[in-house]
Amino acid sequence: MRPMAAGRLHVIAGPMFAGKTEELLRRVHRARLAGLRVEVVGHRLDDRGGPDRLSTHIGRTVSARMLSDAADLLDVLAGDLPDMVAIDEAQFFGPGIVPVIEQLLRAGIQVEVAGLCVTYDGGPFEPVPSLMAQAEEVVKLTAVCTVCGADASFHVRLRAGGGDALQATAEQVGGTESYQARCRSHRQAHGSA
Ligand SMILES: [Zn+2]
């Protein structure tokens, strides 16, 4: 029988290009080495790895359930419970993922969440900040500023094709052509694209 202790919530947060997915998959790999059953979950908007895989900017991939709705994650409670659920790009699921994660935790599942905590204009990007508030562990990763090489806790969207909002959601996981990591001193996008 599974002990009825609640699961722990670990959040891996940061801007784009900080290696969040890489860190998440490192933890998945370690858990599997330890014999734990791990369910890896991504969002369908993240198509870097194809329809049933997660992949990172530097090429590591792992098979994953790619969902479009946070509620679909509750399916894992129906069968044999996994020991760990690892969720990538949590920001795509929106605020609805918070109560879903709380249910997984109450069921005793360890939950590892990676996601953007900051928007391209420097504001909090829910729901990751709310998850950080209740997590047992938060790892805040930085990227490398493309201007000066300092630690970058922001990313900016470079003006492309008139700067309308087409990239606002799906391209938050896009390539290097639309977004750049920036430090606090260089967080304004103007003058660089
Ligand atoms: Zn800089």
Side-chain angles (χ1 to χ4, degrees), residues 9-30 40-50 53-62 64 86-95 97-98 101 111-193:
L9 174 61
H10 298 165
V11 176
I12 302 158
M16 295 179 68
F17 314 113
K20 300 180 301 299
T21 303
E22 195 64 28
E23 173 63 15
L24 183 75
L25 297 187
R26 188 185 73 85
R27 292 172 177 225
V28 167
H29 182 64
R30 285 180 53 90
V40 181
V41 174
H43 195 282
R44 286 191 185 279
L45 281 174
D46 179 6
D47 57 4
R48 283 179 291 179
R53 299 193 74 74
L54 278 182
S55 75
T56 69
H57 287 293
I58 65 170
R60 187 201 294 259
T61 74
V62 66
I87 304 167
D88 194 31
E89 302 289 1
Q91 75 281 352
F92 284 149
F93 289 98
I97 199 157
V98 175
I101 286 172
V111 181
E112 300 276 342
V113 177
L116 291 175
C117 59
V118 63
T119 62
Y120 63 77
D121 51 3
F125 195 169
E126 293 293 350
V128 174
S130 290
L131 293 169
M132 293 164 81
Q134 63 160 293
E136 275 77 22
E137 179 198 7
V138 174
V139 173
K140 183 82 188 300
L141 298 178
T142 55
V144 176
C145 177
T146 56
V147 177
C148 73
D151 288 347
S153 53
F154 302 94
H155 58 272
V156 296
R157 190 182 72 180
L158 302 179
R159 286 196 197 90
D164 60 0
L166 79 162
Q167 299 106 326
T169 53
E171 292 195 10
Q172 287 277 350
V173 290
T176 55
E177 69 280 1
S178 302
Y179 296 91
Q180 287 185 354
R182 296 295 178 87
C183 73
R184 191 175 300 279
S185 299
H186 296 117
R187 57 187 286 194
Q188 306 304 326
H190 57 71
S192 57

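Just so you know, ligand 1 is whichever comes first in the structure, and atom 1 is the first atom listed for that ligand. When a residue number appears, it is its place in the shown sequence, counting from 1.
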Exercise for the section: Mark yes or no: Arg157 above the aromatic ring of Tyr179, with NZ or CZ under 6.0 Å from the six-membered ring centre and no more than 45 degrees from the axis. Expected result: no
Practice task
Report yes or no: is the cationic atom of Arg187 (NZ for Lys, CZ for Arg) under 6.0 Å from the centre of the six-membered ring of Phe154, at an angle within 45° of the ring normal?
Solution key: yes
Exercise for the section: Evaluate whether atom CZ of Arg60 has more than 12 neighbouring non-hydrogen atoms of other residues, nucleotides or ligands under 6.0 angstrom away. Expected result: yes
Exercise for the section: Step by step, work out the side-chain contact (heavy atoms from CB on, under 4.5 Å) result for Phe125 and Leu116. Expected result: CA-CA 7 Å; Phe125 195 169; Leu116 291 175; 3.9 Å; yes
Handout entry: For the Zn ion (ligand 1), every protein N/O/S atom that sits closer than 2.8 Å, waters excluded
Key = Cys145 SG, Cys148 SG, Cys183 SG, His186 ND1
Exercise for the section: Ignoring hydrogens and angles, state whether a donor on the side chain of His10 or Glu112 is under 3.5 Å from an acceptor on the partner side chain. Expected result: yes
Practice task
For the pair Arg26 and Glu22, find out whether any cationic side-chain nitrogen is under 4.0 Å from an anionic carboxylate oxygen.
Solution key: no
